[in-house]
Novice: 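Below is the structure I would like to discuss, written out as structure tokens.
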Amino acid sequence: MPWRKMRFFDKSWVNGDLDDDEFEKRIEDYGSYIKSFRGELHTLERIFIDLNFSDAKIVSFAFIKSGARVKFYIGDLQNGYFELSVVFKNFHIDDSALGEIIASEVAFVEKKFYFSYMMSDLNECHFAFDEICSIKFKKISSKMYSGC
């Protein structure tokens, strides 16, 4: 599987090694990149791409016949905390590490999605999928989020 290294929010982004101009440029460039293929997406893929996964936690992977169900804990003090359950079709991952995401980005290449994310240990992880079959949000407590 041709994983793509993170192009926008890589280690230099996370470590703060960029000057202010480059920092802002990466945000703008990623927004332009997403906009370039947004019109080709179904509603569930648009919702997924619009989510902020900074400080989200990957709680579990459950592999099913047609793909996988991935559970995340997302949120913040201002908006509350949620369990996000996403079912991906034709899902592929090499390393199903669980833990906190500190940066993420989505690539869309030849009708395939690549979700790249950096874990708190600064390792890049990736998974690929063809489409999203369902997205469910369930409110959770801040204790549940922080206890994970």
Side-chain angles (χ1 to χ4, degrees), residues 3-4 6-18 20 22-108 112-148:
W3 298 125
R4 298 171 44 126
M6 293 178 76
R7 292 180 17 198
F8 303 97
F9 308 121
D10 58 7
K11 284 184 183 178
S12 61
W13 167 272
V14 170
N15 289 331
D17 296 337
L18 307 175
D20 291 345
E22 180 62 22
F23 180 87
E24 292 297 324
K25 184 176 182 321
R26 296 254 184 119
I27 294 170
E28 290 173 20
D29 289 350
Y30 183 65
S32 295
Y33 174 69
I34 294 298
K35 194 175 186 178
S36 74
F37 62 82
R38 187 172 180 79
E40 298 177 53
L41 307 181
H42 296 121
T43 302
L44 295 178
E45 286 88 16
R46 288 180 187 163
I47 291 169
F48 183 80
I49 288 171
D50 288 344
L51 292 171
N52 181 354
F53 285 93
S54 293
D55 298 326
K57 297 176 182 182
I58 299 177
V59 181
S60 67
F61 292 94
F63 298 94
I64 56 179
K65 190 175 186 177
S66 64
R69 174 178 288 110
V70 181
K71 286 190 180 179
F72 303 86
Y73 287 169
I74 64 171
D76 55 39
L77 281 171
Q78 294 76 23
N79 298 305
Y81 296 94
F82 298 87
E83 177 184 276
L84 168 66
S85 178
V86 184
V87 175
F88 298 97
K89 184 176 181 184
N90 295 328
F91 181 89
H92 179 81
I93 190 168
D94 287 335
D95 178 12
S96 54
L98 304 178
E100 184 177 3
I101 297 172
I102 57 175
S104 66
E105 60 189 51
V106 176
F108 186 58
K112 190 153 202 77
F113 294 93
Y114 298 90
F115 181 69
S116 299
Y117 53 101
M118 191 168 300
M119 303 295 281
S120 56
D121 62 4
L122 299 182
N123 283 326
E124 280 188 33
C125 298
H126 317 271
F127 60 75
F129 59 95
D130 288 348
E131 66 182 84
I132 295 176
C133 301
S134 74
I135 292 180
K136 295 180 183 174
F137 290 93
K138 181 174 88 176
K139 185 109 170 120
I140 61 172
S141 70
S142 61
K143 286 183 181 179
M144 195 169 173
Y145 175 86
S146 62
C148 178

Novice: Enter the distance from I58:CD1 to S104:OG here, rounded to the nearest 0.5 Å.
Specialist: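 Result: 9.5 Å between the selected atoms.
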Novice: May I have the step-by-step check of side chain to side chain contact (heavy atoms under 4.5 Å, CB included) for L98 and F61, ending in yes or no?
Specialist: CA-CA 8 Å; L98 304 178; F61 292 94; 3.7 Å; yes
Novice: What heavy-atom pair brings S116 and H126 nearest, and what distance separates the two atoms?
Specialist: OG-ND1, 2.8 Å
Novice: If you look only at pairs with a residue in residues 134-148, which of them pass as a side-chain hydrogen bond (donor to acceptor under 3.5 Å, both in side chains), with sequence neighbours excluded?
Specialist: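 For residues 134-148, and leaving out neighbouring residues, there are no side-chain hydrogen bond (donor to acceptor under 3.5 Å, both in side chains) pairs at all.
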Novice: Sequence neighbours excluded and cut-off under 3.5 Å, please list the side-chain donor-acceptor pairs for residues 69-76, or say none.
Specialist:
unit_1, atom_1, unit_2, atom_2, d
D76, OD1, Q78, N, 3.1
D76, OD1, N79, N, 2.7
D76, OD1, N79, ND2, 3.2
D76, OD2, N79, ND2, 3.3

Novice: Is there a donor-acceptor contact under 3.5 Å from the side chain of E105 to the main chain of Y30?
Specialist: no
Novice: Listed by chain and number, what are the side chain to side chain contact (heavy atoms under 4.5 Å, CB included) partners of I47, not counting sequence neighbours?
Specialist: T43, L44, I135
Novice: Considering all heavy atoms of both residues, which atom of A97 and which atom of M119 are nearest to each other, and what is their separation?
Specialist: O-CE, 4.1 Å
Novice: Kindly indicate, with the supporting measurements, whether the criterion side chain to side chain contact (heavy atoms under 4.5 Å, CB included) is fulfilled by L84 and F53.
Specialist: CA-CA 11 Å; L84 168 66; F53 285 93; 4.0 Å; yes
Novice: Apply side chain to side chain contact (heavy atoms under 4.5 Å, CB included) to S12 and list each qualifying residue two or more places apart in sequence or on a separate chain.
Specialist: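 Once residues adjacent in sequence are excluded, the partners of S12 under the side chain to side chain contact (heavy atoms under 4.5 Å, CB included) criterion are D10, D17, L18, R26.
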Novice: Which heavy atom in F9 sits nearest to a heavy atom in A103, and how many Å separate them?
Specialist: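 Heavy-atom minimum between the residues: O-CB, 3.7 Å.
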Novice: Could you state the interatomic distance from CD1 (I93) to SG (C125), rounded to the nearest 0.5 Å?
Specialist: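 Answer rounded to 0.5 Å: 7.0 Å.
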Novice: Below 30° counts as parallel, above 60° as perpendicular, anything between as tilted: where do the rings of F108 and F113 land?
Specialist: tilted
Novice: Please assess V86 against F91 for the test side chain to side chain contact (heavy atoms under 4.5 Å, CB included), listing each intermediate value before the final yes or no.
Specialist: CA-CA 11 Å; V86 184; F91 181 89; over 6 Å; no
Novice: Hey, would you say the F88 and F115 ring centroids sit under 6.0 Å apart?
Specialist: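 Not close enough - the centres of the two rings lie 6.0 Å or further apart.
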Novice: Can you run down the side-chain hydrogen bond (donor to acceptor under 3.5 Å, both in side chains) pairs that involve residues 50-68, sequence neighbours left out, and say none if there aren't any?
Specialist: R38-D50, N52-S54
Novice: So, the side chain of E45 versus the backbone of E131: is there a donor-acceptor pair under 3.5 Å, distance only?
Specialist: no
Novice: Considering non-hydrogen atoms only, spot the tightest contact between W13 and F8 and give its length.
Specialist: CB-O, 4.0 Å
Novice: What closest approach, in Å, do M118 and V14 show between heavy atoms, and which atom pair accounts for it?
Specialist: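 Smallest interatomic distance, heavy atoms only, reads SD-CG2, 3.7 Å.
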Novice: Please list, chain by chain and in numerical order, all residues satisfying side chain to side chain contact (heavy atoms under 4.5 Å, CB included) with N90, sequence neighbours excluded.
Specialist: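 Partners of N90 under the side chain to side chain contact (heavy atoms under 4.5 Å, CB included) test: D130.
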Novice: Run L122 and K11 through side chain to side chain contact (heavy atoms under 4.5 Å, CB included) and show every step you take.
Specialist: CA-CA 7 Å; L122 299 182; K11 284 184 183 178; 4.1 Å; yes
Novice: For residues M6 and E124, report the shortest heavy-atom separation together with the two atoms involved.
Specialist: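 That closest heavy-atom pairing would be N-OE1, 3.1 Å.
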